[in-house]
Amino acid sequence: MRRKIQRLTPEDYAKGILQGNRYMLSRAITLIESKRSQDQDLAYQVFEKILPYTGNSVRIGITGVPGVGKSSFIESFGKMLTNKGLKVAVLAIDPSSQRTGGSIMGDKTRMESLSNDPLAYVRPSPAGAALGGVARMTSECILLCEATGFEVIIVETVGVGQSEIEVRNMTDFFLLLMLAGAGDELQGIKKGIMENADLLAINKADGDNQMKARQARVVYQKALHWFPLSDSGLPVKVVTCSALENRGLENIFKVIQNFKEKTQENGRFQARRQSQNTYRMHRTIKAELERRFYEHPEIRQALTEKEQQAQVGELHAVNVARELLNLYEQK
Ligand code: GDP
């Protein structure tokens, strides 16, 4: 017989989270990921309670094409941090789970040793959610992890499409992992992503690849001269590292710590977080409006017929959309 999980109050959740209870953290994240509005309402009540205890972490976004070594890097980097006694949470944004129904990231057992580390918490992205949904959930998970006491939050995304921008919009520091010897096009790195990075790290700088990695470092560092100055007010560096051999990771952490210190001094750290809050507000409004619209009983009833009208061109799709919106507004 399945035991029914007892329904908890917002106070229960908040208390557990603030005590550093990961089970409670996981349950709260499940609430956020739930499509039931009852669960979401509960989640927002939990938020109100934990919000004063959030913000005390450094939020690091990591991106790069599949195969560049993101999960290996996070595993090694995360272990290095937990060895220092730091509490590390890893969250993933994986829009591919929407497209394929499965997840590139979830296919393999990832970050096994970090997952088993008592100082770490690894949460894969929810399967089957659209990018906007995963992104919204992830920025809320960051806050929950902070309230649970995690000091370093790593948000990982595959280097495709819109997801990097989303991650950039929820983190303090954006790290782009790259490979030596592969052209930019081959790496699928858009100029916009490089422009938004706070640090470029050329991974796999080991074995025969070391020389190539060092050369690539010089080439990228030169290329960055032509880029506009980062909104952090600090120059963007290029470094080399090896996730496999644990090389260059200490240096990367030093760069991040120095970045945090300097941007807190020049006010850009706070400014980024503030504009991210505004962004999050607007995104929530958009998502919530969409949800309310599609869940409205009269809209649901009218939708199939309207879709058909739009499909066969009986009415122009734009007019059909406006009719439905008007119907919603009148309710
Ligand atoms: P992801 O797809 O970006 O998460 O990349 P993975 O972490 O799964 O790594 C892809 C492949 O590259 C795996 O076979 C790793 O063992 C290998 N790899 C990752 N980091 C390094 C590194 O620093 N050096 C070398 N030589 N191989 C690495």
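Since this is a predicted model, take the numbers as computed values, not measurements. Atoms within each ligand, like the ligands themselves, are counted from 1 in listed order.
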Check each atom of ligand 1 against the heavy atoms of [X] and keep those under 4.0 Å away; list them by number with element.
X      : value
Ala243 : 20 (N), 22 (C), 23 (O)
Ser242 : 23 (O)
Asp206 : 22 (C), 23 (O), 24 (N), 25 (C), 26 (N)
Val65  : 3 (O)

Next on the checklist: Once rounded to the nearest 0.5 Å, what's the spacing between atom OG of Ser26 and atom OH of Tyr121?
Outcome noted: 3.0 Å
Based purely on interatomic distance, does [X] place a nitrogen or oxygen under 3.5 Å from a nitrogen or oxygen of ligand 1?
X      : value
Pro66  : no
Ser72  : yes
Asn203 : yes
Gly69  : yes

Distance only, no hydrogens: is a donor on one side chain within 3.5 Å (strictly under) of an acceptor on the other, for [X] and [Y]?
X      : Y      : value
Lys79  : Asn83  : no
Asn266 : Thr263 : no
Tyr279 : Gln274 : no
Thr171 : Arg272 : no
Glu146 : Ser57  : yes

Item to check | Arg300 atom CZ, over 12 foreign heavy atoms within 6.0 Å | outcome: no
Mind checking whether [X] contacts ligand 1 via backbone (N, CA, C, O), side chain (CB onward), both or neither, at a 4.0 Å heavy-atom cut-off?
X      : value
Leu177 : neither
Leu244 : both
Val68  : both

Next on the checklist: Exactly one of Phe259, Phe253, Phe269 should register a ring pair (Phe, Tyr, Trp, His ring centres under 6.0 Å) with Phe173. Which one does?
Outcome noted: Phe259
Checklist outcome for this item: Candidates Gly207, Gly64, Gly67; heavy atom nearest atom 2 (O) of ligand 1 found on Gly67
